[in-house]
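Written below as structure tokens is the structure these notes are about.
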There are 2 protein chains.
Amino acid sequence: MVSEDAAALFRVLSNSDRLDVIRALVEAGPDGMSAGDIGRKIGASPSRTSFHLNALSETGFLQKERQSRNLNYRINFKTIGALITFLMEDCCKGSSELRNCCTMR
Amino acid sequence: MVSEDAAALFRVLSNSDRLDVIRALVEAGPDGMSAGDIGRKIGASPSRTSFHLNALSETGFLQKERQSRNLNYRINFKTIGALITFLMEDCCKGSSELRNCCTMR
DNA sequence: ATCTTATTTCAAGAGCTGTTGAAATGAAAG
DNA sequence: CTTTCATTTCAACAGCTCTTGAAATAAGAT
């Protein structure tokens, strides 16, 4: 991935409302949540919520689908995964020192 | 990590010059590089380079040390590691689906 | 002391980002 | 077909970010 594309994805994650949306949707699981419920959960107005949901789904972090009156959003792990892979493999060349800094498993 | 702190770290990564600095310093290894050499490598003016180096070292992505006339910068993997851990464990609750999206090892 | 090299700091300006509240759109219910 | 509910879109605005070029600081060489 070129630096410009990775930078654009990191910019989307550089906002705490948007990180809170991701947390809420990870918790919600495969059923996802409606825009209204997400807004209520993160404590943001409808237009503010919509602004952030748009930034997230435009860049592939979320997928949306209309369900009668509601718009239902759910997480798409592929984009986050691509970003983690970019950091570890592309940017840091698979550094074992970095791997030791990630407390996983 | 709270969302605000993670967002601030992601913001630092949301610029392609800064990602290029990280790439250059990963490549340079433990000896690091001087500010001037970094600037030449990424093709940025001295003040522009300094601006980005400051953003990176202020937030712990880099460490700096004066070596006579030069300021030598080297990568600190801990901050990137903390961010990857945040994404995988904190934000995405260790999701195995996410783990499968990260092409590693 | 003065000069040169390396780097940072500063002020100005252009452009981007996020918030607000109001208006528009979309879909179902009465 | 009007009302209600859910959500997005829009315009305005404040604040932040990045770039530029010039001036300041820091350190070593002459």
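Chain identifiers are assigned alphabetically (A, B, ...) following the order of the sequence lines, protein sequences preceding nucleic acid strands; residue numbering begins at 1 within each chain.
The residues Asp90(B) and Arg23(A) are annotated as salt-bridged, a charged nitrogen and a carboxylate oxygen being separated by less than 4.0 angstrom. Arg99(A) has a carboxylate O that lies under 4.0 Å from a charged side-chain N of Glu89(A), or vice versa, which qualifies the two as a salt bridge.
Looking at every heavy atom in both residues, Ile80(A) comes nearest to Ile75(A) through CD1-CD1, 4.2 Å. Between Ala55(B) and Val12(B), the shortest heavy-atom distance links the atoms O-CG1, 4.0 Å. Shortest non-hydrogen contact noted between Asn70(A) and Ser34(A) is CB-CB, 3.9 Å. The two atoms that bring Ser95(A) and Phe77(B) nearest to each other are OG-CZ, 3.5 Å, heavy atoms only.
Taking atom CG of residue Asn72(B) and atom P of nucleotide dT7(C), one finds them 9 Å apart after rounding to whole Å. Put simply, CZ on Arg40(A) is 12 Å from P on dC5(D), counting in whole angstrom units. The nearest whole Å value for the distance from the CG atom in Leu53(A) to the P atom in dT9(D) is 11 Å. Straight-line distance from the CG atom of Leu71(A) to the C1' atom of dA27(C): 10 Å, rounded to whole Å. Residue Glu58(A) contributes atom CD, which lies 13 Å from atom C1' of dT9(D) at whole-angstrom precision.
At the phosphate of dT8(C), neither OP1 nor OP2 sits under 4.0 Å from any side-chain N or O atom of Asn54(B). Residue Asn70(A) places at least one side-chain N or O under 4.0 Å from the OP1 or OP2 atom of dT7(D). Put simply, Ser34(A) has a side-chain N or O that comes within less than 4.0 Å of OP1 or OP2 on dT7(D). For the OP1/OP2 pair of dT19(D) and a distance below 4.0 Å, the side-chain nitrogens and oxygens of His52(B) include at least one atom meeting the criterion. In this model, the phosphate group of dT8(C) is approached by a side-chain N or O of Tyr73(B) to a distance below 4.0 Å at OP1 or OP2.
Hydrophobic clustering places Ile22(B) together with Ile42(B) (ILVMFWY residues linked when any side-chain heavy atoms are closer than 4.5 Å, directly or through intermediates).
With hydrogens and angles disregarded, a donor-acceptor distance shorter than 3.5 Å links the side chain of Asn15(B) to the backbone of Asp17(B). Checking side-chain atoms of Ser50(B) against main-chain N and O of Pro46(B) turns up no donor-acceptor pair under 3.5 Å.
DNA chain C lies under 4.0 Å from no heavy atom of any residue of residues 6-27 of chain B.
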So which protein N/O to nucleotides 20-29 of chain D N/O distances come out below 3.5 Å?
unit_1, atom_1, unit_2, atom_2, d
dG21(D), O6, Ser47(B), OG, 3.2

